Novice: 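Before I ask anything, let me first share the structure, which is written out below as structure tokens.
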Amino acid sequence: MEFIRVTPNARPQVALIELNRPKELNALNLQLMQEVAAALKALDDDESVRAIVLTGSERAFAAGADIKQMAGRTAIDMLIVDQFTVWDQIRKTKKPLIAAVSGFALGGGCELAMTCDMIVASETAQFGQPEIKIGVMPGAGGTQRLTRAVGKARAMEMVLTGRPISALEAERAGLVNRVVPVGQFLEEAFRLAASIAEMSPVAARLAKESVNRAFETHLDEGLHFERKNFYLTFASEDQKEGMAAFVEKRKPQFKGR
């Protein structure tokens, strides 16, 4: 891995992926995104990992896409490269994925953070879709996920003017889970991941699928999907252990089975 660092056991049952292009403020080139997708696939297959944290540096989560890599391409070049396939692979990560964001999360950086399930931000974080300023528009989900997170009016303003929003504004709008001092953003993400890692991995996976389905379908179909996943949890050993522990007034020991 040239542009990321992976620590499978950064905390008990919690893995860490760090974007590592400091000179470019973690600008997202195709190789970096392929490395992130490959790392997430490997961590998804690692039974010792129950939650994943994705982060950059204090200065920048990711300042955007690598414009130098794209500037000279034609529409056909972009079609052939098909750079967004790797984003679809990242979106399909089964385990809970938390973005720990400090500094710039702009353009592709904002889109990558929104691809995660939750976002913990430092006070210095800035979120934005400034693509309009260079004659293009968001292409990795910015117009879709941002609108679902912050609403049409605010998303329109951000996309059509390129204006970034602060961490506190992002929290008020529902884009991020919480805002903490800059020196604490990674540890806060680890705490959130650790609390998830204590739960049943089976139930967590099915619950994540169900929440995501709420954004992809109408209510009746979503409720039907949720109900089937609820029933499926009763096929797991974790359900038996969790309910037995509740009755016996002890802490459950979930094994992901």
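These numbers come from the heavy atoms of this one structure, side chains and all, not from hydrogens, waters or symmetry mates. Given the structure is predicted, the values throughout are model-derived calculations rather than measurements.
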Novice: Charged N to carboxylate O under 4.0 angstrom, Asp88 versus Lys92?
Specialist: no
Novice: Within a reach of under 6.0 Å around CZ of Phe104, are more than 12 heavy atoms found that belong to other residues, nucleotides or ligands?
Specialist: no
Novice: To the nearest 0.5 Å, tell me how far Ile4 CD1 sits from Gln34 CD.
Specialist: 11.0 Å
Novice: Should we say atom CD of Glu47 is surrounded by more than 12 heavy atoms from elsewhere, each under 6.0 Å from it?
Specialist: no
Novice: Could you tell me whether the side chain of Ser102 and the main chain of Glu58 form a donor-acceptor pair under 3.5 Å?
Specialist: yes
Novice: Mind checking the NE2-CZ spacing from His218 to Arg213? Nearest 0.5 Å is all I need.
Specialist: 10.5 Å
Novice: Could you tell me the separation between the OG atom of Ser166 and the CZ atom of Arg172, rounded to the nearest 0.5 Å?
Specialist: 6.0 Å
Novice: Is it true that, when you exclude Lys240 itself, more than 12 heavy atoms of the residues, nucleotides or ligands shown sit nearer than 6.0 Å to its NZ?
Specialist: yes
Novice: In terms of heavy-atom contacts, does CZ of Arg59 have more than 12 from other residues, nucleotides or ligands at under 6.0 Å?
Specialist: no
Novice: If you count the non-hydrogen atoms of other residues, nucleotides and ligands that lie under 6.0 Å from CZ in Arg191, is the total more than 12?
Specialist: yes
Novice: Is the NZ or CZ atom of Arg11 positioned over Phe190's six-membered ring, under 6.0 angstrom from the centre and within 45° of the axis?
Specialist: yes
Novice: Hey, are Glu188 and Arg178 close enough for a salt bridge, meaning a charged N less than 4.0 Å from a carboxylate O?
Specialist: yes
Novice: For atom NZ of Lys208, is the number of surrounding heavy atoms from other residues, nucleotides or ligands below 6.0 Å larger than 12?
Specialist: yes
Novice: Check whether Ile165 and Phe185 end up in the same hydrophobic cluster, where Ile, Leu, Val, Met, Phe, Trp and Tyr are linked by side-chain heavy atoms less than 4.5 Å apart.
Specialist: no
Novice: Are Val36 and Phe3 packed together at the side-chain level, in the sense that at least one heavy-atom pair is separated by less than 4.5 angstrom?
Specialist: no
Novice: Does this structure show an ion pair linking Glu241 with Arg250, if we count only N-O contacts that are shorter than 4.0 Å?
Specialist: yes
Novice: Is there a donor-acceptor pair under 3.5 Å between the side chain of Lys95 and the backbone N or O of Ala51?
Specialist: no
Novice: How long is the span from the CE atom in Met1 to the CD atom in Glu18, to the nearest 0.5 Å?
Specialist: 13.5 Å
Novice: Phe127 and side chain to side chain contact (heavy atoms under 4.5 Å, CB included): which single residue from Val150, Leu106, Leu146, Ile119 fits?
Specialist: Ile119
Novice: Is a side-chain donor or acceptor of Glu157 paired with a backbone partner of Arg163 at a separation under 3.5 angstrom?
Specialist: no
Novice: How long is the straight-line distance from CG of Asn26 back to OG of Ser57, given to the nearest 0.5 Å?
Specialist: 5.5 Å
Novice: Quick one: CD1 on Ile17 to CZ on Arg5, what's the gap to the nearest 0.5 Å?
Specialist: 12.5 Å
